[in-house]
Amino acid sequence: MTFFTEKNDFLRLINSSNFFVEYDVLSSLIQEGLKQSDYVEICRRLKRPPNRNELGMFGVMWSEHCCYRNSRSLLKNFPTTGPRILVGPGENAGVVDIGYGQKLVFKIESHNHPSAVEPFQGAATGVGGILRDIFTMGARPIALLNALRFGPIEDEKNISLLEGVVAGISHYGNCVGVPTVGGEVGFDSSYSGNPLVNAMALGLMETDEIVCSGASGIDFPVLYVGNTTGRDGMGGASFASSELSKTSIDDRPAVQVGDPFLEKGLIEACLEAFKTGYVIAAQDMGAAGLTCSCSEMASKGEVGIELNLDLVPAREKGMTAYEFLLSESQERMLFVVKPGSEKKLKQLFMRWGLYVEVVGKVLKEKVVRVLYKGDIVADLPASALADDTPIEKHKLINSTPEYLKDHWKWTEDLLPKNLKDGIININDNLFISWNNVLLNLLSNPSIASKNWIYKQYDYQVQSNTVIGPGEADAAVIRIRPQNDFKTISNQNRGIASVVDCNDRWVYLDPERGSMSAVAEAARNLSCVGAEPIAITNNLNFSSPEKPVGFWQLSMSCQGISNACKVLNTPVTGGNVSLYNDTKKSNNTVIPIHPTPVIGMVGLIEDINKVCKKSWVKEGHQIWLLGLPLEINNNKDSRISLSASSFLEYIHGLKTGRPPELDLELEKQVHFFLRNIIKKCMINSAHDLGDGGLAVALAECCISSGLGANIVIPSSKSRLDRLLFAEGGGRVLVSCSDDQSLELKKYYKKISLEKSNSFSICNLGTVNHQNKLSIYQSSNLIIDIDILDLEDSYKNTIFKKITK
Amino acid sequence: MNIGIIVFPGSNCDRDVRWATEGCLGIPTSFLWHETTDLSSYDAIVIPGGFSYGDYLRCGAIARFAPVLNSLISFVDKGGKVLGICNGFQILTELGLLQGALTRNKNLNFICDRANLSIESTKSSWMKNYKIHDSISLPIAHGEGRYQCSNDVLKKLQDDDSIALKYAHNPNGSINDIAGITNKKGNVLGMMPHPERACDDALGNIDGKSILSTLLS
């Protein structure tokens, strides 16, 4: 019924006798991505119709990208506070206290739609944008990570997207001098046509005070700094908030062009400027450019801003006010500064070859007022644009959607019986040996090494990378002030970071899958010895206007909240990217797998004690932490082949319900793991992820070049379940005989204090035979040369791309 | 010894070099802005890695016009020691202080890795802490690191004993596996690998210390 009322309101409004505007309302609304009800609301707030410039400003500010109109009601349930949290969601990035007076700033952001139509610039400016969020706060960027998704690389188009995105990230990150230390990449047909590019950045606070974005000081000058304003990136925020189709390529002007060289200067100049104490507030110009930064600064500071477009450095002639206001040209910032400091700040910025102009002033009246060629071309209450934005009401379906009910019916009994040395593939009825199952899994692009990708990123610059990509379950950088060249104490501390999301699990159970993503991130950090502190998340989902899309989003948020509460990792902010659907030429819409990427950071007290995944020495014992390998047939629902990589990549079945997540179990395992690393009881650690035990063992062998002799127990449980099942909070560790004694003692000790819900089981030993050999009692089940494992694992992506 | 590190707006290894020389080796070091012209108080100059002025043209092609590099030529003539790392090596070839040129890697991609290298000459004082055919491992990170030169130049480099470093497994298609060369006199060294990234015990690899520690007086 509301629909009709809204429609009537709209018609009544535009047909009323005193209604007059100089533009066509219907087509303008479509162009700005606004609804008719939005228009009614805008007119109500302004007590007049907006002019065309103002309508454009509302269009970007009320888009999902800027104001979370679909997701805000769900995001408010995230836990966002904790003893270490200094700045939570709402500012440019989150800030956490890491002790000794040091503050870590971090955030993740997506650039999916731009990357779909222009992969190189789309990805490059994604990196540029997230870096600006970090240094706007007064922090020097110290690390980058990224989470990427593409369609299968059997398709040329997906290969070119992958190549373009990787080249874009490499170009921007390498040039700007921030190491790209980690990330994750996955492939699934749902991302064909709509790849995901999420970039995360970490920074170390370099100024004493956190620089905030709320303007203050009536009549204080507003300074424009950085690159010129051009027509690139027009309306990018609205573009990012609608689904992609065949004609999206025509929106290429909505993709910005980045200049990392200028950004490098901007980083240095901004940090220098903040240290002068002249800067009152700072805001980078990202989505919605000048419009967004002015209204955010005004509304957060509860003041107004007057902006004179004639003073804005322009890249091209003849730009209209509309174009100035909506341009998303890169590498631009807006400052409010102390009166009298303009000259000194100008000199400082010009030294770095940057444009700098006073373009306006702070107003007492809470408006965003825009002047152009002597006229007022926009005059809007700041809060109407930035604060008091509309919220979409979506009805949450209250039962599991049909697609999942079918998937959840799947059980392991539907798989063919295991043979002694392999299994019949359900797809083609052909026999496949256990050896080949393992090799096939290792050569699946989603599991295989991403070395072809990360070798294009400079992961060493800044001389702090302790663990780079591919070496361990998380990246580790040493914490050292970059402008201090004297050795000081506390210099052995490090930050571990990771991005994680098993999107198949989220697709097959959004709540469980999202909880698992948080748990996996915490487990990965614990594997290098880091204590998880906080997360940032990037919620990549399909259209929330479809009931299933909104259900996935809301269940996922619930899952993230639950896991973050139990694991004590509050959410400090993030990004929401909706409408990740591809419209095919026959009008069918393909939604992506729901992909809530979790970016987690953790603290390491002593970087000399970190663990990597590779075995260290022959003769060392191999232990499995977490839930044990089953010997009876009582299936633990926390371990499963359903929704597993084995099921999808070997049998071609993307089905089943992912294993149950036991957060208490996870918490205990992570705690135990961190302590045995701290106490130097183990030398390597690697969690069981995609492909389960067999794949994890192979990865430890490949990265160390050492073999392993593994014996798994005789069991009533299926052999493929023992080898390839996922879940159970499991981690492989290795240690010497002496350490093993300590390990067992310590396990017993803490069992007495608090009954352990996990176990530690000895699986075998590291050897020098250059083979991974897995026995069940005395039967040899898997026996593969490390060189063969390595070839499958390390060369797959390169071969597929250069074929 | 007093070391100066040239800083262009796009340099990004300037701090890393200073951390290596001052933080790890304790040698007094200062930054020299690209507009400086006075190099008289320095015993050695390092041109660090990075993207000098953006390098949107050819790496180092714009940088060679920088005011500071005019002074560098006379600094070299007077026997001053100069080390160009990565972008610094590219700039030295553009400037003509070293022969040959650095072009796009053979696979057309940026390469970040660790490279095994062999010491080919100890003629230069930069290499005095090594013995001929020593094997070391240093980080590499470059998009345009493929060393190219004519056969005549190559022969001259060989005759002058100016090839300082070679790759054990050529990563970028450089002619004759060349990773670093010196001028005839031996006071100028240009190299693609990053010795400054291998000076810190905390990061595991310290194979680069021997080059920078030649500056310890």
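Only heavy atoms go into these numbers, but all of them, side chains included; no hydrogens, no water, no symmetry mates. Naming: A, B, ... by sequence-line order, numbering from 1 per chain. As the structure is a prediction and not an experimental result, all values here were calculated from the model.
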Practice problem: Using a heavy-atom cutoff of under 4.5 Å, enumerate the residues of residues 34-46 of chain B that contact chain A, numbered in order, or state 'none'. | Solution: none
Quiz item: Do you know the tightest heavy-atom contact between Tyr459(A) and Asp113(B)?
Solution: OH-CA, 3.8 Å
Quiz item: Mind checking whether Phe31(B) and Phe485(A) have ring centres under 6.0 Å apart?
Solution: yes
Quiz item: By a 4.5 Å heavy-atom criterion (distance strictly below it), what part of Thr29(B) contacts chain A: side chain, backbone, both, or neither?
Solution: neither
Exercise. Determine which residues belonging to residues 92-101 of chain B lie within contact range of chain A, meaning some heavy atom pair is under 4.5 Å apart, and list them by number or answer 'none'.
Key: none
Quiz item: Which side-chain hydrogen bond (donor to acceptor under 3.5 Å, both in side chains) pairs, counting each pair once, include a residue from residues 258-270 of chain A, with sequence neighbours left out?
Solution: Arg132(A)-Glu263(A), Arg140(A)-Glu268(A), Tyr172(A)-Glu263(A), Asp259(A)-Tyr56(B), Lys264(A)-Glu268(A), Glu268(A)-Arg15(B)
Quiz item: Tell me, do Phe261(A) and Pro9(B) make a side-chain contact under 4.5 Å, heavy atoms counted?
Solution: yes
Quiz item: Distance from Asp458(A) atom CG to Cys13(B) atom SG, nearest 0.5 Å?
Solution: 7.0 Å
Quiz item: Quick one: which residues of residues 135-144 of chain B reach chain A at under 4.5 angstrom, heavy atoms only?
Solution: Pro139(B), Ile140(B), Ala141(B)
Quiz item: So what's closer than 4.5 Å to chain A heavy atoms on Ser52(B): side chain, backbone, both or neither?
Solution: backbone
Exercise. Take Leu203(B) and Val466(A), measure what side chain to side chain contact (heavy atoms under 4.5 Å, CB included) needs, and give me the verdict at the end.
Key: CA-CA 5 Å; Leu203(B) 304 182; Val466(A) 179; 3.9 Å; yes
Quiz item: Can you tell me if Asn12(B) uses its side chain to pair, donor with acceptor, with the backbone of Cys175(A) under 3.5 Å?
Solution: yes
Self-check item: Interchain contact, Thr802(A) with chain B, by part (heavy-atom threshold 4.5 Å)
Solution: neither
Quiz prompt | Options His171(A), Glu163(A), Arg351(A), Gln482(A), ranked by heavy-atom pairs under 4.5 Å with chain B, top entry | solution = Arg351(A)
